[in-house]
Number of protein chains: 2
Amino acid sequence: MVQDAEKPSRKPRADSIRNRELLLEAAKAVFSAGGSGASLEAVARAAGVGIGTLYRHFPTRDALFEAVYRREVEQLSDLAASLAASAPPEEALRRWLHATVELAATKRGMLAALELAAEGRAELYAYSSDRMQAAAGTLVSRARTAGAIRDDLSAEEMLRAVLGLVGAWYRSGTPGLQDTVRRLVDVFVDGMRAGA
Amino acid sequence: MVQDAEKPSRKPRADSIRNRELLLEAAKAVFSAGGSGASLEAVARAAGVGIGTLYRHFPTRDALFEAVYRREVEQLSDLAASLAASAPPEEALRRWLHATVELAATKRGMLAALELAAEGRAELYAYSSDRMQAAAGTLVSRARTAGAIRDDLSAEEMLRAVLGLVGAWYRSGTPGLQDTVRRLVDVFVDGMRAGA
DNA sequence: ATGTTATACGGAGGATGCCTCCGTTTATCA
DNA sequence: TGATAAACGGAGGCATCCTCCGTATAACAT
């Protein structure tokens with residue numbers, strides 16, 4: 001999977017593993033409360049750990065984001081697979097986007113993680129990005145093959161556009177309006193239909 | 001218009017007016033180069049003015065943004081009026097959105113100003129917000145009356161959605177792809193058509 | 001001209017956050 | 001029970017943000 005064995009050198013230290021876990025929990029809490037721009041020193045403080053330890057485990061803010069929201073990304077990825085197997089192409093795509101948006105609405109901070117994944121700035125944090133791209137790609141290409149949607153639009157572009165749209169609401173305050181955002185996503189999906 | 005006379009107290013000081021102008025010029029330059037997050041101290045430095053003076057004239061970053069891009073907002077507002085008078089409803093709306101997007105693409109920093117305007121967080125910087133809302137409102141309600149677009153979508157929602165979409169590209173790097181963004185805006189506009 | 005005073009100026013300073021670096025501690029392994 | 005690789009923690013340098021207030025000066029009155 002992801003953790004290749006590499007070197008059989010030495011067993012990882014117990015405190016290291018524990019601190020990593022503490023940091024992830026603290027980060028989830030802090031990002032939920034304060035948004036994705038929250039202070040990393042606050043995260044370290046909440047975890048009861050030195051700031052240096054935080055940076056050693058997660059060299060960048062983005063790395064921390066990816067780790068915190070990895071589980072959610074996996075869920076979305078799984079959902080894509082199951083929708084692809086059980087719903088008609090356009091319906092599947094729409095439902096998946098709704099789920100994505102809902103997740104972003106629920107967990108403040110998740111949005112940032114998804115945007116990172118959508119930007120596909122490879123190398124770093126590649127994992128989540130790959131999963132999301134693959135998930136979106138599956139649904140889009142299936143819909144395209146079925147002739148349900150226009151073909152001048154890549155999965156990556158679609159994902160990014162939808163997340164941007166969502167971000168316009170959830171980034172700076174103005175919460176709660178999930179219905180509105182849902183409607184706007186629908187507008188976009190309608191616009192993707194084949195007939196132009 | 002905007003400058004109501006209020007109190008006939010005293011003539012504004014010459015240095016005050018001059019510094020305000022210097023600050024606006026400097027801000028435009030700095031924001032163009034460094035994006036909307038550029039340091040305000042850098043702006044003050046570029047203007048050859050103390051940081052205190054900057055804050056006195058523009059108490060918040062947003063206030064500075066509004067002032068810097070006020071002219072552009074007015075142009076968009078005028079464009080909306082002229083399109084409303086000269087093009088068929090849907091066409092007018094589409095062209096106006098394209099123009100808005102293009103402006104955001106050209107001037108780094110403009111995007112931030114427009115997003116502020118679209119959020120309509122009243123009271124502060126109300127002026128630009130009003131102009132943009134009015135411009136979008138005119139075009140939307142005309143198209144709606146003509147039966148060209150669905151009616152469960154407000155002008156504000158549309159504007160915000162489109163700017164969010166654009167922001168997904170222009171905020172964090174990935175420049176140049178104006179064609180892509182244009183295409184995505186078209187998708188959204190297509191989705192707004194009446195028939196759902 | 002010159003004095004008075006409302007206004008504006010400038011930047012020091014306190015606060016916060018980022019990230020690095022390195023002396024100290026500690027878990028693992030022999 | 002050492003030896004040592006690995007991890008810890010936080011001080012410190014740097015960059016902002018924004019406020020506050022002593023000083024300077026433009027506008028007005030005489």
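Protein chains get the first letters and strands the later ones, always in sequence-line order, with residue 1 at the start of each. Quick note: numbers below take in every heavy atom, side chains included, and nothing from hydrogens, waters or symmetry partners.
Within the nucleic acid shown, B:Arg61 comes within 4.0 Å of sugar-phosphate atoms alone, with no base atom in reach, counting heavy atoms only.
Nucleotides of DNA chain D that come within less than 4.0 Å of any heavy atom of chain A span, from the 5' end to the 3' end, D:dA5 to D:dA11.
Evaluation of the side-chain hydrogen bond (donor to acceptor under 3.5 Å, both in side chains) rule for A:Glu156 yields no partner, not counting sequence neighbours. Residues satisfying the side chain to side chain contact (heavy atoms under 4.5 Å, CB included) criterion with B:Phe188, sequence neighbours excluded, are A:Leu165, A:Leu184, A:Val187, A:Phe188, B:Met158, B:Ala161, B:Val162, B:Met192.
Only B:Ser39, B:Leu40, B:Glu41, listed by number, bring a heavy atom of residues 25-45 of chain B to less than 4.0 angstrom from any atom of DNA chain D.
B:Thr60 places none of its side-chain heavy atoms less than 4.5 Å from the side chain of B:Phe65. Looking at heavy atoms from C-beta onward, A:Phe31 lies out of side-chain contact with A:Arg108 at the 4.5 angstrom threshold.
B:Asp190 has no carboxylate O lying under 4.0 Å from a charged side-chain N of A:Arg193, or vice versa, which leaves the two without a salt bridge. Ion pair B:Arg70/B:Glu74 not flagged as a salt bridge, since none of the NZ, NE, NH1 or NH2 atoms sits closer than 4.0 Å to an Asp/Glu carboxylate oxygen.
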Heteroatom pairs (N/O) under 3.5 angstrom, protein to nucleotides 26-30 of chain C:
{"residue": "C:dT26", "atom": "O2", "partner": "A:Arg13", "partner atom": "NH1", "Å": "2.9"}
{"residue": "C:dT28", "atom": "OP1", "partner": "A:Ala14", "partner atom": "N", "Å": "3.2"}
{"residue": "C:dC29", "atom": "OP1", "partner": "A:Lys11", "partner atom": "N", "Å": "3.3"}

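Between the P atom of C:dC19 and the CZ atom of A:Phe58 lies a distance of 15 Å, rounded to the nearest Å. Computed from coordinates, the B:Arg56 CZ to C:dG10 C1' distance equals 8 Å when rounded to whole Å.
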Show me the donor-acceptor pairs, under 3.5 Å and distance only, between side chains in residues 95-102 of chain B and residues at least two apart or in other chains.
{"residue": "B:Arg95", "atom": "NH1", "partner": "B:Glu91", "partner atom": "OE2", "Å": "3.4"}
{"residue": "B:Trp96", "atom": "NE1", "partner": "B:Leu76", "partner atom": "O", "Å": "2.9"}
{"residue": "B:His98", "atom": "NE2", "partner": "B:Asp186", "partner atom": "OD1", "Å": "2.9"}
{"residue": "B:Thr100", "atom": "OG1", "partner": "B:Trp96", "partner atom": "O", "Å": "2.9"}

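Within the 3.5 Å criterion, the main-chain N or O of A:Val73 finds no donor-acceptor partner in the side chain of A:Ser77. A side-chain donor-acceptor contact under 3.5 Å links A:Thr145 to the backbone of A:Ser141.
Counting heavy atoms of neighbouring residues, nucleotides and ligands inside a 6.0 Å radius, atom CZ of A:Arg61 exceeds 12 of them.
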